[in-house]
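We count ligands from 1, going down the list as the structure has it; atoms in each ligand are counted the same way.
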Amino acid sequence: MVSTWLWIGAIGMAAGLILILILGRSVKPDRKHHVVVSSLVLAIASLAYFAMANGQGTFIVDGRVVYYARYIDWVFTTPLLLIGLMTVAMPRLQSLGQARDRNALLGTVIGADVLMIVTGAIGALTVDTTVKYAWYAFGCIAFLVVLYEVLIPIRAAARDRGLEHARLYDRLLWTLVVLWFVYPIVWVLGTEGSQAIGLSVEVGIFAIVDILAKVGFGLLLVGGVARLANPVPAAQTASQAA
Ligand code: RET
């Protein structure tokens, strides 16, 4: 069962990559970066699943199977997913002042996100329960930082860009928030944490949520930007510059 789920993951991600590339053909040239980001996410994920389906990328820690390949995948793909979300909210760099604000936000979110994944990986590989959950708690704090930034300041930036961008941002945001909450829960229930659920249940849940969080999110993003009006109306450009 475990390897079936992992192959479903590998094939699902690869199929998603092909779909995104096809859908990406209708994206206007100045928005192709969204196609690049989403394709890269799916390329990395399909390779990670290919490795895991072939029995690679695991450690046995204290008799438990821990897929460290997931964390290598997530440390690259979660920042890319967040960049996909955040670039919908934040317009192109226009002045040094704006560039600084934008980079501070991007840096905070990506930095906190990487810390979240790295602390989660260390926790999964830790044997002592107290120390393990301390690492987990550090990861949760980092997750809260990510959530705060995308829910408050970056969402406000999306609203400033006008109704169309705000709607697309909200759709992507809620998809991301709901799906991302599953990960720390499964971590606690699975082999990384309390082992309350079996390995195949854990691998199955991760495969489904991973496909939704990467293929589903990517299709929403690339499909969404393909439909955005172009060029940005003059009134919106003026308000962004102000
Ligand atoms: C960990 C454990 C430490 C605490 C928290 C976690 C959250 C992980 C998340 C992962 C998201 C992965 C995605 C993969 C793409 O398919 C590391 C499990 C909060 C949110 C979206």
Of the protein's non-hydrogen atoms, which lies at the shortest distance from atom 17 (C) of ligand 1, and what is that distance?
M116 O, 3.6 Å

Among protein heavy atoms, which lies nearest atom 21 (C) of ligand 1, and at what distance?
W180 NE1, 3.1 Å

Does the side chain of Y136 come within less than 4.5 Å of T119's, by heavy atoms?
no

Those atoms of ligand 1 less than 4.0 Å from some heavy atom in [X]:
X    : value
W187 : 2 (C), 18 (C)
G139 : 4 (C), 19 (C)
G120 : 2 (C), 3 (C), 17 (C)

Test item: N54 side-chain N/O and F50 main-chain N/O as donor-acceptor pair under 3.5 Å
yes

Could you tell me whether a side-chain N or O of R64 sits under 3.5 Å from a main-chain N or O of L125, the two making a donor and an acceptor?
no

Compute the ring centroids of [X] and [Y], then answer whether they are less than 6.0 Å apart.
X    : Y    : answer
Y169 : W174 : no
Y67  : F206 : no
W74  : Y183 : yes

Out of V65, L189, V2, T191, which residue meets the side chain to side chain contact (heavy atoms under 4.5 Å, CB included) rule with E202?
T191

Note: heavy atom closest to atom 10 (C) of ligand 1, options F138, F143, Y183, belongs to Y183

The answer for which part of E192 has a heavy atom under 4.0 Å from ligand 1 is neither

Heavy-atom distances under 4.0 Å are what count here, so tell me which part of W74 touches ligand 1: side chain, backbone, both or neither.
side chain

Polar proximity ligand 1 side, K214 side, N/O cut 3.5 Å exclusive
yes

Would you say D210 and ligand 1 have an N/O pair spaced under 3.5 Å apart?
yes

Tell me whether D73 is salt-bridged to K214, with the criterion being a basic N under 4.0 Å from an acidic carboxylate O.
yes

T78 heavy atom under 4.0 Å from ligand 1
yes

